[in-house]
2 protein chains.
Amino acid sequence: MSNYKTSTVGLAEQFKALSNPHRLALFQRLMTCCVPGTQCGLDEAARFCVGDLGEGLDIAPSTLSHHLKELQRCGLIQTERQGKNVHCWIDPAVLDKLSHFFAVR
Amino acid sequence: MSNYKTSTVGLAEQFKALSNPHRLALFQRLMTCCVPGTQCGLDEAARFCVGDLGEGLDIAPSTLSHHLKELQRCGLIQTERQGKNVHCWIDPAVLDKLSHFFAVR
DNA sequence: TCTATAGTTCGAAATATGTCGAATTATAAA
DNA sequence: TTTATAATTCGACATATTTCGAACTATAGA
């Protein structure tokens, strides 16, 4: 447990979150705002709200909510209420960590 | 959604394979042979056989076999019989792909 | 205050997964 | 040919996951 995010169990939880096609699609949408020059999580214009994220995925709101909760539980995404909406975003450090895991160098 | 299927569903299957702590541990062991100067899959000395891979994981041989089959099914690892043993390895291209998926910038 | 919108929680049902032991196959060695 | 070792397949069972609809909470605006 020295570092939850990089331990085998913590990593496995993140991969489990990404193992569902719906959740992976949600994550990929959030990734699109993580581009050069953009500060994910700081630039609110680059965030998605829950409803918009689920657009076109054809799942019930309760299912969408459940999936986002799973993504958050394992540390893959962040959420914050903004009035009637709840905004979601990815901390770029999360992507860095996962990218490096597979980069054996 | 053909694009949705090829990119998202295939990836989700690989993440599902890595979502089990035992399978992730197996994959991590195989990753250790993917180091600079080593050609995974070509240098047989750098491969693990099934029995050695499961060493210390405390799972039944049948379970080990099942997990490796899952890793292979989604394209994460390769296997080849070598006499009494079956050798396993990772194609470095697989690691590149996954690393790049998370490398947004 | 009342209403509409956005999202969450809960309980249930169908399906998938992880695991084992027993039986089986493949190979090498005696 | 017989035996030992390495690994897989199969059947079973307990547990986990995915999904929904109904009910609920939170907020903004009229």
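Side-chain atoms are counted along with the backbone in the values below, which use heavy atoms only and exclude waters and symmetry mates.
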| said: So if I define the base as every atom that isn't primed, P, OP1 or OP2, how would nucleotides 19-30 of chain D read as a B/S/- string at a heavy-atom cutoff under 4.0 Å? | reply: BBBB----BS--
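Although no hydrogens or angles enter the test, the distance criterion places no donor-acceptor pair under 3.5 Å between the side chain of Ser19(A) and the main chain of Ala12(B). The backbone N or O of Gly75(B) sits nowhere less than 3.5 Å from a side-chain atom of Arg73(B) that would complete a donor-acceptor pair. Not one N or O on the side chain of Arg29(A) forms a donor-acceptor pair closer than 3.5 Å with the backbone of Phe48(A).
Regarding Leu18(B), its CG atom lies at a distance of 14 Å from the P atom of dT17(C), rounded to whole Å. Distance CD (Glu80(A)) to C1' (dA6(C)): 16 Å, rounded to an integer number of Å. The CD atom of Glu55(B) sits 15 Å away from the C1' atom of dA7(D) (whole-angstrom rounding). As rounded to whole Å, 14 Å separates atom C1' of dT18(D) from atom CG of Leu57(A). Rounded to whole angstrom, the span from the CZ atom of Phe15(B) across to the C1' atom of dT17(C) amounts to 19 Å. Protein atom CD1 of Ile77(B) is 12 Å distant from nucleotide atom P of dA7(D), rounded to whole Å. Regarding Leu68(B), its CG atom lies at a distance of 10 Å from the P atom of dA7(D), rounded to whole Å. For the pair Leu71(A) CG and dT18(D) P, the interatomic distance rounds to 11 Å; values are reported in whole Å.
Contact annotation: Asn85(B) side-chain N/O to dT27(C) OP1/OP2 distance is not under 4.0 Å. Phosphate proximity of dT17(D) to Lys16(A): present, with a side-chain N or O under 4.0 Å from OP1 or OP2. Within the 4.0 Å cut-off from OP1 or OP2 of dT9(D), at least one side-chain nitrogen or oxygen of Lys69(B) is found. A sub-4.0 Å separation between OP1 or OP2 of dG18(C) and a side-chain N or O of Arg23(B) is present.
Taking the six-membered ring where the residue is Trp, His22(A) and His67(A) present tilted rings, their angle falling between 30° and 60°.
No salt bridge links Lys16(B) with Glu70(B); every basic N to acidic carboxylate O contact stays at or beyond 4.0 Å.
Inter-residue side-chain proximity for Leu30(B) and Ile77(B) is flagged as met; some heavy-atom pair is nearer than 4.5 Å.
Between Leu98(A) and Phe15(A), the shortest heavy-atom contact is CD2-CE2, 3.9 Å.
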